[in-house]
Amino acid sequence: MTLRLQTSGSLRNRLAITLIGGAAILALLIFFAIRNYATQVALQGQDNILGASVTSILDAASIQNGDVEIDIPYASFSMLSTPFDDRIFYAIYQDDRFLSGYPDLPVATISDGEREFHSVSHQGEVVRVITASRTLIGSGKRTRIHVALAQTQDALSSTLDQISRTAALFGACFFALAAILSFWATSTTIGQLKNLTNSITKRGPQDLRPFEKPVPSEMAPLVTSLNSLMERLDHSLSQSEDFIAEAAHRVRTPLATVRSYAEATLQRVEKEENRQAVRSMMRAIDESSRAAGQLLDHAMITFRADHLERQDVDLVELVHELVVRMTPIADMKDLELCLQSEDKVSYSGDPVLIQNAVRNLIDNAMKYSPNDGKVDISVSSAPELQICVCDSGKGFPIEELNTLAARFKRGQNAEGTIGSGLGLTIAMDVARAHGGDLHLSNQAKGGACVLLSL
Amino acid sequence: MKFLLVEDNQELAHAISSRMHLDGHVVEHAATLADATAFVETGEYDLILLDIMLPDGDGRTFLKAHRASDLDTPVIVLTARSQISDRIGSLDLGADDYVTKPFDHAELEARCRAVLRRKAGKSRTNITSGGIEFDPVAGSMAVRGQSVTLRNRELRLLELLINAPGQVFSKQKLSDRLFSYDDDASENAIEVYIGRLRKHLEPSDLKITTLRGLGYRLDNDA
Amino acid sequence: MRFIIAIALWIIPVALFAQEWEDRRLFNAQGTALRLRIISSTDTSLFAPVVESFVSQYPDISVEYLVIGTADINEIFRANPEAFDLVISSAMDLQLKATNDGLARPVPDLPHPAWAQWRHSLFAFTSEPAAIVINRDAFAGHVIPKTRQELIEAMRARPEFFNGRVGTYDVRESGLGYLFATQDARASDTYWRLMEVMGALDVQLYCCSGDMIEELADGTLAVAYNVLGSYATARIELKDTIEIILPSDFPTTMMRTAMVSVDAPHPEQASTFIHHLIALQSGPDANILPLPPLNSKLNDVKRATITLEPALMTFLDALKRRRFLAEWEDSVIQEQP
């Protein structure tokens, strides 16, 4: 049984989100950075041209015969021509007196030699205005020329839009590339983890060897811990196995001694009540040793069933071997073991567990059969894979048919016979571990039948 | 039969030995692997009873060595370990059978009998007496040349009686030997088996005499 | 607001009545749905085919076509932009400034080369060169000048002959004349020399190309400078009497432009008229129409064509204009001895 692990978040998701989130933020930053920079350059561009134009106008100012003459070069306005046919406005002032141009164009007050840029709304559109001034000296007087030159920003807007689009494109491309890169990086990294997981999962349940394939340095501490855990587990398991073996030995050897002596004593004792006493002793010894044996068996079986390792076996051969081994005991009680089967029944399962289960069933059958009885064992593959053990005893009490296999339960019939109730339980556990089941029934001609289906 | 018992627990060894003696077998006892090896080198045995957990090593090492040495004395392993793991270990290594402690002597006896029967192809231990030929190992009997099929208990009953001719066996004694202490055998069961054996022996010179209140005795009327 | 417009619209016909127009014609009087008012500097005879083609396609629209000089167009239009739907003029500079000053209404979805339109509001539809037109008889037996310099020499050679018989635009009164003059002056100093020479020969000044052509035809003028070549060519019957010379030193070509008034009473239909005009002038039948279409194929022509750009406003600057006119008067109007 495996505990369902609680998952909190996903490494892959976290990694992917972090990388992609970072990429998104970077993409946004790139977008804004490019846009801002390019906008600055574009704005600067317009301002530069306005500056050049106003310079050419101011340069063309002179005093002729006491009058200010401004011979605006053709190029001054020509250079302000844009692909979007931006409108231009200008105003020329001499010492606050309007000379020519557009009288309603706002002129900023500035000191000589300075130039000022600002953006205003003029005739319903936003215009960029440069104001510059120059002092002319002539005929003994000084006069100050102010020139304001303005241009709409249609071309600029268009340029800015294009810049935004281009910057957005850059940002998007960067983001897309970064996202792809993130996915790839995440996949490869998680892939490493997956590889490790696969390697471990592919191992059989008994495989506690240390994990030796090379892993990335970041995973090394994890794998090292895993290996040391497996080592401790292996050690602990073998210690348990050793402990069980040791316990078995220590319990059973003295029991064997006691039993042998009891048996010998029984031979020599004649008085009936003494005989009864000795018999009780022997019964007690047999029960305890049987109990110990079955408990140990059951523990081992549970462990093996949890980590079922299947092999290809021939069920007929398996059961036959078992019957051969048990025949001497059967002979002792003048019981006949009769095996009926097809030639070969192939199955993929744990031979040790199956043999153990069937042995328990035959054991039970022999216990409950009267002398000179017969135990029928059959192995067949139809209608399903099954091994059937039937005795010629009293049969199961009807009301207990379903509950008998519960651990430690002994039926009413079992009064007077030795044996803990684990026999059926063991058989049922083995059946269930293989995906099958145990079925108890009474034969019409008398006797109990246990069907082990796989 | 001559047995070698390799067991370090003295009390258990004594118990087994004495029980075997009762059956008429000779048992030699080695408490260590070293002793066992020495015994095997010098003596010949019909069967070796081998304990797995010995003070100077694992019995299986002895088993491996024994098998490698070309001796084909059958070995029955006595083990206190879990049956599952030892099945693989012992039988694969060459043991003929195994018995887990604590064991029923009757089971040990039965298994010995079975193992010996399997190996008895070469030497036949026949007891001929009063017109019958009886092979206790093979478990077969021929009366006046006619082979007769005996049930197991009948066989053992005959073996008991024929090994001690003239001795009186009480019903109780016979019951003890033939049935497990636990069997619900009434005294009548013995009568039944005696009756069956009598029938089988009719053509021969051997007769089973009932001594009222005392028991039974096998006599050769020849 | 509507109230004011209504009153204005009511007053306008009265105002218009009072104006003295060079020509005034009503096309398709039956078109009762609405009336488009066009103010133009193009002679009616030269523009009539366009209007007729339009009204034949839109029979429910009538067109009132008013002709007056380019300078007057500028003045009248600026005073009452709501009085007219369309303004068609050969004075590119005045038209561009009017557009710059927000008096033109954009016409959307009209594909037109970028160099032939400004702000999708001002559309050029002809390419018309400025020419030297001579009376053939006056130059019989003499070398026909091909450049301005040659003209100067020709005039200097026979000053008595040419005295009082040379003519050009009065740039103070004609917008087109001012445009041609300023573009020439920009191009080369030869212009000023030519003006001085002509001024010394008691040059006759005219408002329009039509008048110059008439006086050339009847021999009053021997040579006229900066005449609209297209007008002269249109007078087929005079082709033996006069000769049109396109100066080869720096040919000056203007583009006639049309715009929809920002306050046009019928802006949609006015737009439609512009679409129609452009389609006609750019279409395969353009050669049938009297006015030469836009010509972009010859690189020479394109280069010499006056560029439709804000720089056209340079010479409209008060100071600059004052200066130019002062210089021009100095050269052209000389005290006769």
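Lettering follows sequence order; numbering is per chain, from 1.
- Comparing C/His120, C/Lys320, C/Arg323 by heavy-atom pairs within less than 4.5 Å of chain A, the highest count is held by C/Lys320.
- Residues of residues 97-104 of chain C lying under 4.5 angstrom from chain A, judged on non-hydrogen atoms, are C/Lys97, C/Thr99, C/Asn100, C/Asp101, C/Gly102 in numerical order.
- With respect to chain A, the highest number of heavy-atom pairs below 4.5 Å among C/Pro310, C/Ala114, C/Ala318 belongs to C/Pro310.
- Counting heavy atoms of neighbouring residues, nucleotides and ligands inside a 6.0 Å radius, atom CG of A/Asn48 exceeds 12 of them.
- When the heavy atoms of residues 60-77 of chain A are compared with those of chain C, the residues falling under 4.5 Å are A/Val68, A/Glu69, A/Ile70, A/Asp71, A/Ile72, A/Pro73, A/Tyr74, A/Phe77, listed by number.
- Taking non-hydrogen atoms and a 4.5 Å limit, the residue list of residues 144-174 of chain A in contact with chain C, ordered by number, reads A/Thr152, A/Asp154.
- Contact count versus chain C (heavy atoms, under 4.5 Å) is highest, among A/Met79, A/Gln123, A/Arg87, A/Glu125, for A/Arg87.
- Atom CG of C/Leu312 is separated from atom OG of A/Ser81 by 9.5 Å, given to the nearest 0.5 angstrom.
- Per-residue heavy-atom pair counts under 4.5 Å with chain C were compared for A/Asp86, A/Leu80, A/Leu99, A/Thr82, and the maximum is reached by A/Asp86.
- Contacts of C/Phe324 with chain A are absent, with no heavy-atom separation under 4.5 Å from either backbone or side chain.
- Close approach to chain A, defined as a heavy atom under 4.5 Å from one of its heavy atoms, is seen in C/Gln183, C/Arg186 of residues 181-195 of chain C, taken by number.
- Here the closest non-hydrogen pair linking C/Arg119 and A/Phe84 is NH1-O, 4.1 Å.
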